[in-house]
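Below is the structure I would like to discuss, written out as structure tokens.
These figures come from a predicted structure and were not determined experimentally. Sequence lines set the chain letters: A, B, ... in the order given, protein chains first and strands last, and positions in each chain run from 1. All values below were derived from every heavy atom in this structure, side-chain atoms included, with hydrogens, water molecules and symmetry-related copies excluded.
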Protein chains: 2
Amino acid sequence: MLSERQRLILNAIIDNYIHSAEPVGSRTISKRNDIGFSSATIRNEMADLEELGYLEQPHTSAGRVPSTKGYRFYVDNLIRPEHLSEQELNNIRNVFAERINHIEQVIESTASILSQVTNYTAIVLGPEIFEHRLKAIQIVPLNEQQAVAIIVTHTGRVENKLLDLPKGIHPGEIEKLVNILNSKLIDVPLWQLRQRLYQEIAGEMRRHVEQYEEMLHMLERSLNPEEGERVFLRGATKIMNQPEFRDVEKVKDILELLEQNDQLIRLLDVPGEGIQVRIGQENDMDAMKECSIVTTSYYLGGKPVGVVGILGPTRMEYGKVISVLDYLARGLSQMLTKQFE
Amino acid sequence: MLSERQRLILNAIIDNYIHSAEPVGSRTISKRNDIGFSSATIRNEMADLEELGYLEQPHTSAGRVPSTKGYRFYVDNLIRPEHLSEQELNNIRNVFAERINHIEQVIESTASILSQVTNYTAIVLGPEIFEHRLKAIQIVPLNEQQAVAIIVTHTGRVENKLLDLPKGIHPGEIEKLVNILNSKLIDVPLWQLRQRLYQEIAGEMRRHVEQYEEMLHMLERSLNPEEGERVFLRGATKIMNQPEFRDVEKVKDILELLEQNDQLIRLLDVPGEGIQVRIGQENDMDAMKECSIVTTSYYLGGKPVGVVGILGPTRMEYGKVISVLDYLARGLSQMLTKQFE
DNA sequence: GTTAGCACTCCCGACAAACGAGTGCTAAAC
DNA sequence: GTTTAGCACTCGTTTGTCGGGAGTGCTAAC
């Protein structure tokens, strides 16, 4: 257990390091006006904190740098959320006030504003649609062989897929099929669609639709749970502003990872409620060993539907990031829920 | 006008520099077995070529490096297209052989394969849709205030937009409207839609639809020419493999530019038919002064609908890139045309 | 016209010295 | 017992010097 003074000093060191990016020496700390001890005292405490694993020394005659354990303690026990400037609050609120044509636009703006306000990289996982309910389904033939299947959800999201039509199918048959689907499947959550297809639609189809086997098969393909969630990445290059990433090799590893959608999704796939912080080596990806990731979920009608996250160096302004993320996720949840519930 | 020998030497120097990334000395050239002159002779020719502006010298006792003018001459007069390996041809062909659900998927794969085969950054401007013809239009009400308008083109592309419904509109009215639209606008190219709306639809609507003014206004908004073309970027980080971009500052400028869609579009906005090459300082953007961009258009039924491009260092393997790009753009055009004409 | 030879330029890496930020320890002060 | 002043020591960084080497331009001979 750390003494009050140790906490104070640890806090001072990390604060300092976060803003300077340089190892912090005892003198620097003793000169701070919230600290009333000489550098020698600080030195002793620092040696203790190092022994306990909260600090590290790059080399003998250098100052101290927080370890992962040190940051962890800082995040869990020392920081208090920073309050945002009126300017920043306004910028964020504006995102939700804008007129929207697509949900995606809001999510995209969210990512942009996050990156802009924090000066770190923002990653947003677009709203999960499994829970969305079917509002309408349409099949539009393009020619003899192909058609587009279109699904509209109650949130106004539109998914579409190209289909191969069974040979020699009559347009009237497609119309019949669409009618059956619309009468049976409205308000069904997307994840149930395939199941319902067999339970309820198959029988109906056999009775009324020609070539029902081929049509069924075609439908099955098109109702696949939507592959690939949408991921929005903004400000990926912000990491290069950080002095510890002046090295192309390091930056390359990170940016290469950010280029891959599946890796981004993995990055945001964090269990737990509320704000989650993963610091440095707590990440299992090698490229992320010197980065921290702060995430939280956003909700639609009480259910988590997506994740917003900030990626930055371990030496991140945690207080600020947590405040921004929290405020924004709440706003987003509220907006979505108001709009679509 | 360059002598035959000067061309030979210039070609040798650029070839060498492209592969070594180091200033090329006279000895290196004289040792090549397609060159039968001593290093002293080469030195004389090099001095001449420098005076003519085709070469540059980083400092007195260094070898020579091609200037923008040098590369330009090389691209225009010296290279012959490189033929691709069977492996590479196969990789490219596979993209077009895959089953497709959306055009976008093909475009995306195109970008991926381009970047993969060339080891440079690939940028693809997704197919322009103004020329696409309307296949169907739908309006799906979500609740009392909102609806989604959906437009399907003859190429199977689906666009959608959220609409605010006029207050107290009756669902039947919307249906009437959709019927009018579908009967009048099928097979009209997208860019004509707004114009037709006023010429033909407005009158019809006034006769049959209540609250026609509000509805007209709403429609007008939704038929806006689709803002924001789709841009696909792949392998942006490849630039960091180049020895001349070991410097974070340089890379940052480039990657920041690549993060902005409008800049990407500007980058590919090159007049002219066939393969176009812009070398180093020929680019008007500062961040691109040390890069080259090779572009070409792809076609649907004889009309250019999009652009594919490769971005790399000025020291780029032009021969190879041009071959790949040409082969791929032809394949893409052929595939699109076969599929949708 | 071509080439061997040579003096010259300039970058680069190695090595040494000076510097300074910061430490750990000791002993005195509180 | 805790705090602090003082001091020797460590080690990375900066600066300067020096030799080696790659490459050039020029001259004179072939």
_Under 4.0 Å from a heavy atom of chain B: give me the 5'-most and 3'-most nucleotides of DNA chain D that qualify._
D:dA22 to D:dG25
Under 3.5 Å, side-chain donor or acceptor atoms of residues 22-31 of chain B against the rest of the protein: list the pairs with distances, not counting sequence neighbours.
unit_1, atom_1, unit_2, atom_2, d
B:S26, OG, B:R43, NH1, 3.2
B:S30, OG, B:R27, O, 3.0

_Pairwise distance CG(A:N91) to CD1(A:I113) - rounded to 0.5 angstrom_ = 4.5 Å
*Distance in Å, A:L257 CG paired with A:K252 NZ, rounded so as to fall on 0.5 Å steps*: 13.5 Å
*With under 30° as parallel and over 60° as perpendicular, where do the rings of A:Y71 and A:Y318 fit, or are they tilted in between?*
tilted
*Quick one, which residues of residues 32-42 of chain A touch DNA chain D with a heavy atom under 4.0 Å?*
A:F37, A:S38, A:A40, A:T41
_Would you compute the distance between atom CG of B:N16 and atom CD1 of B:I9 and round it to the nearest 0.5 angstrom?_
12.5 Å
*Within 45° cone and under 6.0 Å: B:K69 NZ/CZ vs B:Y54 ring*: yes
*Grab the CD1-C1' distance between A:I29 and C:dG22 for me, whole Å please.*
13 Å
_As an exercise, state the distance from CG of A:L84 to CG of A:N90, rounded to the nearest 0.5 Å._
11.5 Å
_Between CD1 on residue A:I123 and CG on residue A:L268, distance to nearest 0.5 Å_ = 5.0 Å
*When B:K320 is tested against each of B:E88, B:H83, B:E82 for side chain to side chain donor-acceptor pair (under 3.5 Å), which residue passes?*
B:E88
_Residue pairs, two or more places apart or on separate chains, that pass salt bridge (charged side-chain N to carboxylate O under 4.0 Å, His left out) and touch residues 260-273 of chain B_ = B:R266-B:D284
*Is B:E108 paired with B:R234 through a side-chain N to carboxylate O contact shorter than 4.0 Å?*
yes
*Return the residues of residues 45-58 of chain B meeting this criterion: a heavy atom under 4.0 Å from some atom of DNA chain D. Order them by number, or give none.*
B:M46, B:Q57
*Do B:E249 and A:R246 sit within salt-bridge range, that is, some charged N less than 4.0 Å from a carboxylate O?*
yes
*Kindly state which residues belonging to residues 59-67 of chain A come within less than 4.0 angstrom of DNA chain C, counting heavy atoms of the residue only, listed by number.*
A:T60, A:S61, A:A62, A:G63, A:R64
